[in-house]
Participant: 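Next up is a structure, given as structure tokens.
Numbers here are sequence positions counted from 1. Remember, it's 1-based here, ligands and their atoms both numbered in the order they're listed.
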Amino acid sequence: MRQCKTMSKATRKKIIAGNWKMNMTPSQARDLINMLKPACDTAESDVVFCVPYVDIPVALDMLKGSKISVGAQNVHCRDNGAYTGEISAPMLKELGVKYVIIGHSERRQFFAEADALVNMKIKKAMEHGLIPIVCVGETLEQRKQGITIDFVRTQTKIALMGIAPDDAKQIVIAYEPIWAIGTGENAKPEQAEEVCRAIRQVIGEMYDTNVAANMRIQYGGSVTAATAAELFNQPNIDGGLVGGASLKADFAEIVNYS
Ligand code: PGA
């Protein structure tokens, strides 16, 4: 805990990413980007639109020359091969994608992605120069049992297993309590801060204070324009991963929360 207090927060630029999930056809994506681009392009934080695969070309084209980056929502753990329906890191990289969400709870829940696979995907993404946004977070049941910190620590440790310090520094972790995703009930700022601080602490134990101080940790789960500032102003919260509200004009307010 001592090391967390001495870590400089000033060195970390906030990063706010919209996770569009399975929403927006390419033409709808065009309309949404037209609406959000002006306010997002002038934000102080790094801004990322994590769009469905088919919207990536539209997003990249429309955001060319802007400060807004494009992210994917998933990636396969191999370069190529007989994996029908999957998309690889080299494919995303060649298009110009910068970030990729890995291990979102919806992928863990509906597509049986386990921690070991998440680790493989992170390594593959980094091998090709993509920046992973790695999601961790507990269920309501785990929170009630009082095992949130233990669970999230373990998820974080397995996700980062075998990843070199210089690579780890680039990774973004998104703490997303599952009970807060899409429910309209965000974690209280103190709850989110407590877990984000614990994640930073485990990074410090795995690597060192330098890596821990540099790694950006987001909060995600029902973030709205009304709650963004109190969450993102916590000392260990470096921005957010935003689902529902990233599909609306609210996202422009969220990225300009301060
Ligand atoms: P939400 O989704 O903001 O709609 O709760 C967040 C996420 O799943 O990344």
Participant: In chain order, what residues pass the side chain to side chain donor-acceptor pair (under 3.5 Å) check against Asp115, with sequence neighbours excluded?
Facilitator: Arg108
Participant: Ala72: which residues meet the side chain to side chain contact (heavy atoms under 4.5 Å, CB included) condition with it, sequence neighbours left out?
Facilitator: Tyr53, Ile56, Leu92, Val97, Val100
Participant: Look up atom NZ in Lys157 and atom CD1 in Ile199, then write down how far apart they are to the nearest 0.5 Å.
Facilitator: 13.0 Å
Participant: Hey, any chance Ile133 and Phe251 share a hydrophobic cluster, counting ILVMFWY side chains that come within less than 4.5 Å of each other, even indirectly?
Facilitator: no
Participant: Identify, with sequence neighbours excluded, every residue that meets ring-ring contact (aromatic ring centres under 6.0 Å, His included) alongside His128.
Facilitator: none
Participant: In order of chain and number, which residues sit within 4.0 Å of ligand 1 by heavy atom?
Facilitator: Asn19, Lys21, His104, Glu176, Ala180, Ile181, Gly182, Gly221, Ser222, Leu241, Val242, Gly243, Gly244
Participant: What is the distance from atom NE2 of His104 to atom CG of Asn74, rounded to the nearest 0.5 Å?
Facilitator: 11.0 Å
